[in-house]
J.: 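Sharing a structure below in structure tokens format, with a few things to ask.
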Amino acid sequence: MIHRRLCHFRSLSTLSVPTSLTHLLQCNKDIHKLSLLGRVTEARQMFDTMPRRDSGSWNTMISGYIQNGLLNKAQELFDSFQGKNVRTWTILLSGYARHGRAHEAKAVFESMPERNVVSWNAMITAYAQNGLLRSARDVFDQMPVRNTVSWNSMITGYCHCGMMGEARELFDQMEERNIASWMVMVSGYVEIGECCEAWMVFLMMLRSSVRPDQAILVAALLAVMRFNKLELIESLRVMALKTGYESNVVVGTAFLNAYIANGSLEYGVKLFERMPERNEYSWSTMIAAFSQGGRLDDAIALYERDTEKGVGTQTAMVTAYAQNGRIQEARNIFDEIANPTVVTWNAMVAGYAQNGMLEEAKSIFYKTPVPNAASWAAMISGFIQNGQSREALEVFAELHSSGIVPNCSNFTSALFACANIEDVEMGRQIHCFVIKTRNQFNSFVGNGLISMYAKCKSTDVSQACRIKGEGDSISWLSESLTLDDARKTFERMPRRDVVSWSAIISAYEQAGQGDTAFKLFFEMLRRGLKPNESTITSLLSACGYLGTTKLGEQIHALIHKLGLDTCLFVCNALITMYFKCGILDGLGIFQEMPDRDIVTWNAVLTGCAQNGLGKEAVEVFKQMETAGISPNETSFLALLCTCSHAGLVDEGWAYFNSMSQHYGITPSVYHYTCMVDLLGRAGWLSEAEDLIRSMPVKPDSVIWEALLGACRIHRNTELGQRVAERLFQMGTKRSGTYVLLSNMYASRGMWGKVREIREMMSDRGVTKEPGISWIQIKNKVHYFLMGEKAHDEIKEINMAVNEFYRRFRATGYVPDTNFVLHDVAEEQKEDDLLYHSEKLAVAYGILRTPNGAPIQILKNLRICGDCHSFMKFVSSVAQRKIILRDGNRFHHFQDGLCSCGDYW
């Protein structure tokens, strides 16, 4: 049988099986070639039939097993070999290292009867490849003799983990460097985005009279590509010409990529036409460049010019057609390829997925003869792109079961899917898998982990807030485990780029911890990193949440400095920030924007709704329709909120009905909630209840709470009690429901019912969040609770509040004690009203800000009616504009009036 197989092997190749002892060397070469072809079983058959073997035979066969991932077979053969030499030991050691089994490599190293410098270098590489840099450094420091390879191995380990400081320190200590030493430093800096340092090292190499080779020229090109400076690319072309590499097809194609990345497509076209030699990658690069630049016809014409049309070029054309939605033409080319590579199969999978054809994508995927990690990545990404994150995770689990080790792209996509469906437990399992496969040092995976924890954190918080009651509690948010996980992941990353910093800043911003987000931002600046669009939008969001107008204005100035003032989504975030701070500059930014998308229009509509700008919102909506922008669900949600805040019942009904009649949008429960709120505030309680009972979507607790709030406003205790009972049956644990009903009873003097509600809250573990108001003065935020006593200047603040009240009462004002919800004497009720948190905050603002300066206050809960009257009076007598953002909307008080028109 063995003889027949060997004869068959001779007929399929030019290899020969020697039978003479004099052909020992040829036999060893044949074993090596068979192993490279993956035909390791035939290699072993040849090894077993050899009449004589030397150490080279054994070493080659052991190496063959290792090359094909058969480490157990390699170990068995190693154990049976009696004539092991240093090379035998080193081969096995390196094999374990290459497959991520550093502990086994260490065991081999420690068992070696003798070691040479190659063995020591192999052990350094074993540790370095697996991220065990401290152990690698220990071995390096213990070496009796080092050569240039020793230094390069240690430096490479540092570079691969992004530890360029340590790498540079060793590099500077080297007495003798070769071209590989320079290469690893240049590429290391490029890898972490420090292209200036990469370029400086390259220039230092030239000053050391080291002649660049092909590889380092390509690395230098990668560095200058990030500078977006055409003159640097041209200078490297001159160098390539002088060193004779310009005609090299690899270098030429690298220049082609550089021109295209620089946005100089025409330079790339000219270079391509002058290239003396082109390979498949050259043709593929140009086809891809034309396609991505929107020039599909040029891509097709170029493809037709390629007489050879290799698999790589055909694959590029498949991708080009798919990217432009011409999926059938992509499939036609795919079907013409006689022997498609795995890259071609992957391109077809990705093409179908990009065009929303997931069943076809799956069909191609499962027909792929030998799928690799990239194949799985294409399928996982396809599901995510089409909103099927749960299915994407199922494919990832299938990948895990297949025995293929996921790559960084697989992990990143899976983490993104976890974030989409807010599955933090699955995310943690993937995190463990990341650590097991030593991928935690990859910046893309690290960034994906931070973002996953941040997104799940945000969801956990929002859900918990709904359970705990109204508003946010920053002290409680900081206890979330997922945010801690995000921070730990960030701190453990050996290399943190601007994406890493932006991800962790976003995590804290989403968790409502804007102060920590800004501390991280300032630390990022101190480390010399330049913020990007994502960083800026997170900071603007934090400013909006905190209501820190001055800080927001500083970020606005930074946007201009960074040249991001034309970036669409930065401008959208800027509009939102100003409106959330109660500043109407958002309208001015909107008017100046040359380009707008649906997000822009919705940001303005929402801002108008929050700030009581009903007429302006209606006008903006008309402009939107005139501009040919079709409103979406969010647009109508903002419009209906505007109508609710302004009491525009007829207009609200008209907009609500136009959703389905004119725009084909089916109203969701959120739109119905706005309508119930609108009708309820206007006193149409029966109509609001009828709308809930007749709506085609299932009512949630929020819509019933909107009706309960209206019952509180209009003191309809009977309906309010019925609605509250419905909410209790739904199992609500929101404190707002209990508080609203309790307030309703208190306003009617039904103190027995109030006690019943409080006892019910106690029995069910429901707690009411205390009202907190805060004001920022000179970069410091001052917080006030009702009846505040801890503030350093509370005596002076109380005196100011009392003085305002004295003057207010002199005008005939009588405190509205209906807003005191305790069964106490009338005089005590007036005292309770006097020290509400927002009154203390506005008094402190008047005391500590210049005369005439506007005062901005934020409160976590809705302002009460008495405080609303008080704010109008203070704005008049103090001649101050007071902007108060409560838990529901903005109130702009000026000259004794409020922007809400007393309708809130």
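None of these values were measured; they are calculated from a predicted model.
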J.: With rounding to the nearest 0.5 Å, note down the distance linking OG in S541 to CD1 in I536.
T.: 12.5 Å
J.: Got V669 and V702 here, is their nearest side-chain heavy-atom distance under 4.5 Å?
T.: no
J.: Strictly under 6.0 Å, is that where the ring centroids of F518 and Y508 end up?
T.: no
J.: Can you confirm whether W684 is buried at CH2, in the sense that more than 12 heavy atoms of other residues, nucleotides or ligands lie under 6.0 Å from that atom?
T.: no
J.: Tell me if the CD atom of Q591 is crowded by more than 12 foreign heavy atoms within 6.0 Å.
T.: yes
J.: Determine whether the aromatic ring centres of H782 and Y844 lie less than 6.0 Å apart.
T.: yes
J.: Is the backbone N or O of C581 less than 3.5 Å from a side-chain atom of Q856, with the two atoms forming a donor-acceptor pair by type?
T.: yes
J.: Backbone N or O of D565 within a donor-acceptor pair of the H560 side chain at under 3.5 Å?
T.: no
J.: Distance from I882 atom CD1 to H892 atom NE2, nearest 0.5 Å?
T.: 12.5 Å
J.: Ignoring hydrogens and angles, state whether a donor on the side chain of E553 or T549 is under 3.5 Å from an acceptor on the partner side chain.
T.: no
J.: Is a side-chain N or O of S837 found less than 3.5 angstrom from the main chain of M786, in a donor-acceptor match?
T.: no
J.: For a 4.5 angstrom cut-off between non-hydrogen side-chain atoms, does K622 reach E619?
T.: yes
J.: Check whether H891 reaches the backbone of G612 with its side chain - one donor and one acceptor, N or O, closer than 3.5 Å.
T.: no
J.: Is there a donor-acceptor pair closer than 3.5 Å between any side-chain N or O of N632 and the backbone N or O of V599?
T.: no
J.: Side-chain contact, heavy-atom cut-off 4.5 Å: L679 with W653?
T.: yes
J.: Counting only N and O atoms by type, is there a donor-acceptor contact under 3.5 Å from the side chain of D585 to the main-chain atoms of Y578?
T.: no
J.: With a 4.5 Å limit on heavy-atom distance, are the side chains of T673 and D677 in contact?
T.: no
J.: Examine F590 together with W601 and report whether their ring centres are nearer than 6.0 Å.
T.: yes
J.: Set out, in order, the CA-CA distance, both residues' side-chain angles and the distance that settles salt bridge (Lys or Arg N to Asp or Glu O under 4.0 Å) for R806 and E803, then state yes or no.
T.: CA-CA 5 Å; R806 185 189 66 76; E803 174 59 20; 2.7 Å; yes
J.: Between atom CG of L884 and atom CD of E838, what is the distance when rounded to the nearest 0.5 Å?
T.: 6.5 Å
J.: So L840 and S773, do their side chains get closer than 4.5 Å, heavy atoms only?
T.: no
J.: Hey, mind stepping through T606 and Q610 against side-chain hydrogen bond (donor to acceptor under 3.5 Å, both in side chains) and telling me if it holds?
T.: CA-CA 6 Å; T606 303; Q610 291 169 338; over 6 Å; no
J.: Taking atom CG of D895 and atom OG of S875, what is their separation to the nearest 0.5 Å?
T.: 6.5 Å
J.: I need the H868 NE2 to F893 CZ distance, nearest 0.5 Å.
T.: 4.0 Å
J.: So, for L539 and A517, which heavy atoms are closest and what is the spacing to 0.1 Å?
T.: CD2-O, 4.4 Å
J.: Looking only at atom types and distance, does a side-chain atom of R889 sit under 3.5 Å from a main-chain N or O of H645, one as donor and one as acceptor?
T.: yes
J.: Do K580 and T576 have side chains that get closer than 4.5 Å, going by heavy atoms?
T.: yes
J.: Using modelled atom types only, decide if a donor and an acceptor are shared between the side chain of S538 and the backbone of S534 within a distance under 3.5 Å.
T.: yes
J.: Is any side-chain heavy atom of N716 closer than 4.5 Å to one of E718?
T.: yes
J.: Does the pair F870 and Y805 meet the rule for a ring pair (Phe, Tyr, Trp, His ring centres under 6.0 Å), with working shown?
T.: CA-CA 8 Å; F870 183 78; Y805 244 106; 5.4 Å; yes
J.: Taking L613's backbone N and O only, do any of them form a donor-acceptor pair with N611's side chain (distance below 3.5 Å, no angle check)?
T.: no
J.: Mind checking the CG-CD1 spacing from L574 to I555? Nearest 0.5 Å is all I need.
T.: 10.0 Å
J.: Do R722 and L719 touch side chain to side chain, with heavy atoms closer than 4.5 Å?
T.: yes
J.: Measure from the ring center of Y655 to the ring center of Y663 and say whether it is less than 6.0 Å.
T.: no
J.: Are more than 12 heavy atoms, taken from residues, nucleotides or ligands other than F728, located less than 6.0 Å from that residue's CZ atom?
T.: yes
